[in-house]
Undergrad: 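Quick one: the structure is below, questions incoming.
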2 protein chains.
Amino acid sequence: MNRAAPATAGRTRARKGEGELLHSEILDAAERLLIETGSEEAVSIRRIAEAVGVTPPSIYLHFADKDELLLAVCERQFGELHRVMEEAVEGVDDPVEAVYRRGKAYVRFGLDHPEQYRILFMRAADHTMDAPDEARVRDASAFHHFVDAVASAIDSGALPKGSDPVVVALELWSVVHGITSLLISKPMFDWPDADALTDHLLTAACAGLMATPPFSAPPTRRRSRR
Amino acid sequence: MNRAAPATAGRTRARKGEGELLHSEILDAAERLLIETGSEEAVSIRRIAEAVGVTPPSIYLHFADKDELLLAVCERQFGELHRVMEEAVEGVDDPVEAVYRRGKAYVRFGLDHPEQYRILFMRAADHTMDAPDEARVRDASAFHHFVDAVASAIDSGALPKGSDPVVVALELWSVVHGITSLLISKPMFDWPDADALTDHLLTAACAGLMATPPFSAPPTRRRSRR
DNA sequence: CCGATAAGTTAACGGCGTTATCTTCAGCCT
DNA sequence: AGGCTGAAGATAACGCCGTTAACTTATCGG
């Protein structure tokens, strides 16, 4: 509200020491707009610029385009999701309980920040594909933590010994992601309590995996995708 | 390509008998654009109008706005999904096998039509909330079929007797939806074969549900959402 | 002191969804 | 037959969007 006042022309800020300041200010504004409006479309470059107190083209001095900006917001949210999940397992020794807690924290995060969750996990593949590898690494790293947790659970005997932790992690992730995603996008049904539902499903999933021969990819072609 | 030529002004078609013709032509074009470009943003009113050979405002004689148009496309896709699922269980007597087939058909549909799937299941709640009830009814009806299938499986003893078919259906739906959604939006990981994965997960889920006491909502408040 | 560079600015382009207004014709009523 | 009505188009325009080009100015290294 204060900047961009001079009207004469040229600059207002950046006494050269500020450097990357605007960069994070833009991210803040974008994130705030996203949360306040709850809609990705409402987060426009022009609105963000206005919120920061700067003209739209200035944004492009810090981000290549809108996609990169939103991706950067995603990264932040990803960090936050990672944080709440780690926080949820703090001081928890039982590896199975840890997996449960992670799952519930994940679902809760999704329900608390639906729009961010949508951006994180419901975006077109293209957007994440040709983006800088950072995003993928970030994803992979968060996922890796979960794989570790699953591996511990396997070691503890709560999940079948012979199974591939990566596959099991993918499957459990599918389960939590499925609930989260449906709860977010289909509030029309009379969903039971999310936490209890997650608990029940994870319990069932773990029990089911125990009672089922470990997954092995069929001999013919892996990666069928199209 | 042929219409809109007269340049003089006024009309070109609609000799009064054609009535709802343009309506479905628009839907066809929208659907085609969606499939060809594989991106919701690329499907603009103006492009659709051009494809049909008509000016943009004409679209609004048949649809209130772009959302309603896309929703109508969704309805069609929903019908298609419903069709492939029914087709998948044709002649299948074993209720458990029927549930599996439905699940696999669902996942395959999602992978074959990712953009449509995204619109169907990854849209904001708002869009489906204030839309005409049709969409919800349609959703509910497709879901109802699945609930019936689950109920049969419960009757057959493949799923625990005391359990609520609706809850079980929701849970199984979560599972398939989770895989589908992750496979679509996170192709970065080395996913195993989708069909085999679905099979394994559904098997595990059913086995798990059998080995777990049926879900019962906690006594305190149902519908926690936020 | 003087260029170079960084970080803003203004102006503009093309595309979008949408609306207001006008035109033309098919079909009905008399 | 002749005129009215309403449906189904067209044209022109508004305001928003992402993005780019060209300009301006302050800061700093030499």
Side-chain angles (χ1 to χ4, degrees), chain A residues 1-27 29-30 33-34 37 39-73 124 126-127, chain B residues 1-27 29-30 33-34 37 39-73 124 126-127:
Chain A
M1 295 303 181
N2 44 355
R3 253 162 327 211
T8 62
R11 80 102 44 44
T12 313
R13 54 149 63 216
R15 304 233 111 54
K16 194 78 167 214
E18 318 194 27
E20 297 291 281
L21 203 159
L22 188 54
H23 190 274
S24 61
E25 262 183 84
I26 292 171
L27 283 180
L33 273 176
L34 194 64
T37 68
S39 138
E40 181 177 341
E41 304 159 28
V43 181
S44 68
I45 296 277
R46 291 172 130 100
R47 262 196 236 266
I48 295 170
E50 189 193 13
V52 176
V54 108
T55 55
S58 305
I59 306 285
Y60 292 89
L61 296 173
H62 301 269
F63 298 92
D65 53 22
K66 192 184 177 182
D67 258 17
E68 189 179 302
L69 203 169
L70 282 182
L71 208 71
V73 175
D126 312 5
H127 296 252
Chain B
M1 293 303 180
N2 43 354
R3 251 159 326 207
T8 61
R11 77 107 41 53
T12 315
R13 54 148 63 216
R15 304 232 114 48
K16 195 76 164 215
E18 318 195 25
E20 297 293 279
L21 204 160
L22 188 53
H23 191 275
S24 62
E25 262 182 84
I26 292 170
L27 283 180
L33 274 177
L34 193 65
T37 69
S39 138
E40 182 177 341
E41 305 160 28
V43 181
S44 67
I45 295 275
R46 290 171 132 100
R47 263 197 236 268
I48 296 170
E50 189 192 15
V52 176
V54 110
T55 55
S58 304
I59 306 285
Y60 291 87
L61 296 174
H62 300 269
F63 297 92
D65 53 23
K66 191 184 179 182
D67 258 18
E68 189 180 301
L69 203 169
L70 281 181
L71 209 71
V73 175
D126 311 6
H127 296 253

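None of these values were measured; they are calculated from a predicted model. Order of the sequence lines fixes the chain letters, A, B, ..., with proteins taken first and strands second; residue numbering starts at 1 for each chain.
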Undergrad: To the nearest Å, how far apart are A:Glu40 CD and D:dG18 C1'?
TA: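 My rounded result for the distance is 14 Å.
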Undergrad: C:dT9, OP1 or OP2 - any side-chain N/O from A:Thr55 closer than 4.0 Å?
TA: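 So the side chain of A:Thr55 is within the cut-off, an N or O lying under 4.0 Å from OP1 or OP2 of C:dT9.
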Undergrad: Could you tell me how far apart B:Phe63 (CZ) and D:dA8 (P) are, to the nearest whole angstrom?
TA: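 Interatomic distance, CZ of B:Phe63 to P of D:dA8: 13 Å.
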Undergrad: Which nucleotide sits closest to the side chain of B:Leu61: D:dG9, D:dA10, C:dA11?
TA: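 Nearest listed nucleotide: D:dG9.
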Undergrad: Could you tell me the separation between the CD1 atom of A:Ile26 and the P atom of C:dA7, rounded to a whole number of Å?
TA: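 Taking CD1 of A:Ile26 and P of C:dA7, I get 11 Å after rounding.
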Undergrad: Nearest 0.5 angstrom please: A:Ile26 CD1 to A:Ile59 CD1, how far?
TA: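 Reported value, rounded in 0.5 Å steps: 4.0 Å.
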Undergrad: At their closest point, which heavy atom of A:Glu40 faces which heavy atom of A:Leu34, and how far apart are they?
TA: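 Minimum heavy-atom contact is CA-CD1, 4.0 Å.
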Undergrad: Between the two end axes of the helix from C:dC1-D:dG30 to C:dT30-D:dA1, each built from 5 base pairs, what angle do you get to the nearest 10°?
TA: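 That helix gives 10° between its end axes.
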Undergrad: Quick one: does B:Arg47's side chain have a donor or acceptor within less than 3.5 Å of a partner on B:Leu33's backbone?
TA: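 No; zero donor-acceptor contacts below 3.5 Å.
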Undergrad: With sequence neighbours left out, write down each residue that passes side-chain hydrogen bond (donor to acceptor under 3.5 Å, both in side chains) with A:Ser44, or none if nothing qualifies.
TA: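 Scan of A:Ser44 (side-chain hydrogen bond (donor to acceptor under 3.5 Å, both in side chains), adjacent residues dropped) gives none.
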Undergrad: Please list, chain by chain and in numerical order, all residues satisfying side-chain contact (heavy atoms from CB on, under 4.5 Å) with A:Pro57, sequence neighbours excluded.
TA: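 A:Thr55.
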Undergrad: Below 3.5 Å is the cut-off: list the nitrogen or oxygen pairs between protein and nucleotides 13-17 of chain C, distance only.
TA:
| from | atom 1 | to | atom 2 | distance (Å) |
| --- | --- | --- | --- | --- |
| C:dC16 | OP1 | B:Ser44 | OG | 3.2 |
| C:dG17 | OP1 | B:Ile45 | N | 3.1 |
| C:dG17 | OP1 | B:Lys66 | NZ | 3.0 |
| C:dG17 | OP2 | B:Ile45 | N | 2.8 |
| C:dG17 | OP2 | B:Arg46 | N | 3.3 |
| C:dG17 | N7 | B:Arg46 | NH1 | 2.3 |
| C:dG17 | O6 | B:Arg46 | NH1 | 3.2 |
| C:dG17 | O6 | B:Arg46 | NH2 | 3.4 |

Undergrad: Tell me, please, which residues at least two apart from B:Ala29 pass side-chain contact (heavy atoms from CB on, under 4.5 Å).
TA: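 Partners of B:Ala29 under the side-chain contact (heavy atoms from CB on, under 4.5 Å) test: B:Arg32, B:Ile48, B:Ala51, B:Val52.
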Undergrad: Apply ring pair (Phe, Tyr, Trp, His ring centres under 6.0 Å) to A:Tyr60 and list each qualifying residue two or more places apart in sequence or on a separate chain.
TA: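 Testing A:Tyr60 for ring pair (Phe, Tyr, Trp, His ring centres under 6.0 Å), a comparison that skips the adjacent residues, returns none.
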Undergrad: When you measure from the side chain of A:Ser58, which nucleotide among D:dG9, C:dT9, D:dT19 comes out closest?
TA: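 Shortest atom-to-atom distance from the side chain points to C:dT9.
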Undergrad: Find the distance between NE2 (B:His62) and CG (B:Leu22) and round it off to the nearest 0.5 Å.
TA: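 The NE2 atom of B:His62 sits 4.0 Å away from the CG atom of B:Leu22.
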Undergrad: Would you say A:His62 reaches C:dA7's phosphate, i.e. side-chain N/O to OP1/OP2 under 4.0 Å?
TA: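 No, outside the criterion.
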